[in-house]
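As a basis for the values below, the full set of heavy atoms in this structure was taken, side chains included, without hydrogen atoms, waters or symmetry mates. Starting from 1, each residue takes its place in the sequence as its number.
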Amino acid sequence: MSLFLGRRTLLTGLAAGAGLAALGRPVQAANFRAVSHCWVPWNADPAGARAVHGIGARMTRAVFDTSGLPVSMKILPWRRCLNDLQQGHSHLGWSTVRAPEREVYLSYSKPVWLTSNLIFAAADDPSLPWKGWESLAGKTLGVVRGYGYGVDFDRLRGQGIRIEAVGNEDQQFSMLLNRRVDAFVMEWQSYLFLQRRRGATGGEFAATEIPLPEMSYHIVASRAVPEAVAALPLIDGAIDALRSDGTLAALLREGIDPTPPPAGIRQSRLPPG
């Protein structure tokens with residue numbers, strides 16, 4: 001712990017020297033505000049309601065506690081999270097993937113965990129199986145507005161694929177069941193959680209073989225708040241420590257549904273190395 005306390009002393013000096021304000025005053029360590037969105041089961045209570053709970057939130061809380069930084073964590077609508085971070089109203093964020101447009105106003109920690117998205121279609125779709133994006137030509141793909149999937153949607157539109165953005169993942173199920181979209185993108189653990197909550201067997205949906213990149217999730221700092229950016233080495237040190245002692249692995253194992261994803265898709269995991 002002395003390592004972290006030493007880093008915290010350094011951080012305090014950096015923050016004081018920055019002389020810049022967020023919310024109209026210099027940020028002190030105890031005032032760091034971290035935000036993320038309600039994303040089941042990563043940032044939600046066991047019923048799926050908005051709460052600082054879930055797999056990702058618990059891993060992030062462990063990182064903040066180990067870093068020695070008292071940080072308040074809050075769940076907000078995703079668009080507001082990004083707006084607040086861009087403007088410096090919030091200082092830190094979590095459960096955030098890299099995206100070129102975000103790197104303009106966010107600095108990233110080391111990855112905390114990795115997870116996979118899949119594309120699901122109606123199980124009775126006669127055009128299955130789908131192995132590549134060409135299978136979706138002329139079809140509509142449902143996505144959650146503001147989510148990063150590691151996919152170039154403009155390129156997909158150029159291939160004749162329509163993109164339908166919705167407000168949340170529950171709507172993706174209903175839109176496919178009502179044939180308002182032909183497929184949707186969803187993270188594997190979210191899919192399992194929502195199917196359990198619906199009391200469904202999952203037989204109405206089929207995971208396709210269209211490949212999607214595995215995504216890394218990070219803690220981020222608002223570039224508008226120099227004190228938050230200065231905290232990232234401290235946060236990275238805590239991530240390293242919690243990986244070394246097995247804490248992050250234990251929290252991940254405790255939280256995820258062990259049901260394996262389809263062949264060729266990785267289960268949610270810690271970064272290698």
Side-chain angles (χ1 to χ4, degrees), residues 8 11-12 14-16 18-40 42-44 50-115 117 143-151 153 165 167-169 187 190 215-239:
R8 187 178 177 188
L11 171 65
T12 303
L14 288 170
L20 296 176
L23 300 176
R25 62 184 185 277
V27 178
Q28 302 301 318
N31 293 331
F32 278 121
R33 167 186 162 105
V35 293
S36 194
H37 60 299
C38 185
W39 174 33
V40 297
W42 298 92
N43 295 324
R50 180 185 299 177
V52 181
H53 194 71
I55 313 164
R58 290 196 296 273
M59 288 194 291
T60 303
R61 181 77 268 169
V63 170
F64 288 149
D65 288 349
T66 300
S67 74
L69 288 171
V71 179
S72 64
M73 298 171 63
K74 190 174 182 64
I75 301 294
L76 298 173
W78 186 223
R79 180 49 56 189
R80 183 178 167 192
C81 288
L82 294 179
N83 288 341
D84 277 12
L85 286 165
Q86 187 170 14
Q87 296 167 19
H89 299 319
S90 294
H91 315 124
L92 301 167
W94 79 93
S95 299
T96 307
V97 301
R98 287 186 179 274
E101 66 276 12
R102 296 178 192 167
E103 297 204 47
V104 175
Y105 59 90
L106 295 177
S107 294
Y108 285 75
S109 74
K110 293 181 176 182
V112 181
W113 82 91
L114 308 174
T115 194
N117 294 304
V143 301
V144 176
R145 188 176 297 108
Y147 277 25
Y149 297 106
V151 175
F153 291 128
N168 59 60
E169 290 164 314
E187 190 268 336
S190 295
M215 305 297 293
S216 61
Y217 289 83
H218 304 255
I219 295 169
V220 294
S222 169
R223 290 182 183 268
V225 185
E227 299 91 339
V229 176
L232 284 177
L234 190 65
I235 289 167
D236 282 342
I239 292 170

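Distance check: Ser36 OG to Leu82 CG gives 9.0 Å after rounding to the nearest 0.5 Å. Rounding to the nearest 0.5 angstrom, the gap separating the CD1 atom in Ile55 from the CH2 atom in Trp39 is 8.5 Å. Here Ser95 contributes atom OG and Trp113 contributes atom CH2; the two are 3.5 Å apart, rounded to the nearest 0.5 Å. Distance NZ/Lys74 to CZ/Arg50: 8.5 Å, rounded to 0.5 Å. Separating the OG atom in Ser72 from the NE2 atom in His91 is a distance of 8.5 Å, to the nearest 0.5 Å. With values rounded to the nearest 0.5 angstrom, Asp84 atom CG is found 6.5 Å from Leu76 atom CG.
Using a 4.5 Å cut-off on side-chain heavy atoms (C-beta onward), Trp78 and Thr96 make contact. A 4.5 Å side-chain heavy-atom check between Arg102 and Val97 finds at least one atom pair inside the cut-off.
Closest heavy-atom contact between Val35 and Ser90: CG1-OG, 3.3 Å. The minimum heavy-atom distance linking Ala238 with Val63 is given by the pair CB-O, 3.4 Å. Closest approach of Leu69 and Leu234 over heavy atoms only: CG-CD2, 3.4 Å. Between Ile239 and Pro111, the shortest heavy-atom distance links the atoms CG2-O, 4.0 Å. Nearest heavy atom pair, residue Cys38 against residue Ile75, reads N-CG2, 3.5 Å. Among all heavy-atom pairs drawn from Gly167 and Val144, the shortest one is O-CG1, 3.9 Å.
For His218, the side-chain hydrogen bond (donor to acceptor under 3.5 Å, both in side chains) partners two or more places apart in sequence, or in a different chain, are Ser216.
Note: His37 and Tyr147 have perpendicular aromatic rings, judged against thresholds of 30 and 60 degrees for the angle between ring planes.
Remark: side-chain polar atoms of Ser190 are paired, donor with acceptor, to backbone N or O of Val40 under 3.5 angstrom.
The salt bridge (charged side-chain N to carboxylate O under 4.0 Å, His left out) analysis of residues 86-98, with sequence neighbours excluded, yields the pairs Arg98-Glu103.
None of Thr60, Asn31, Ile235, Leu92 except one satisfies the side-chain contact (heavy atoms from CB on, under 4.5 Å) rule with Val71; the exception is Leu92.
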Yes or no on side chain to side chain contact (heavy atoms under 4.5 Å, CB included) for Phe32 and Phe64, after CA distance, side-chain angles and deciding distance? CA-CA 10 Å; Phe32 278 121; Phe64 288 149; over 6 Å; no
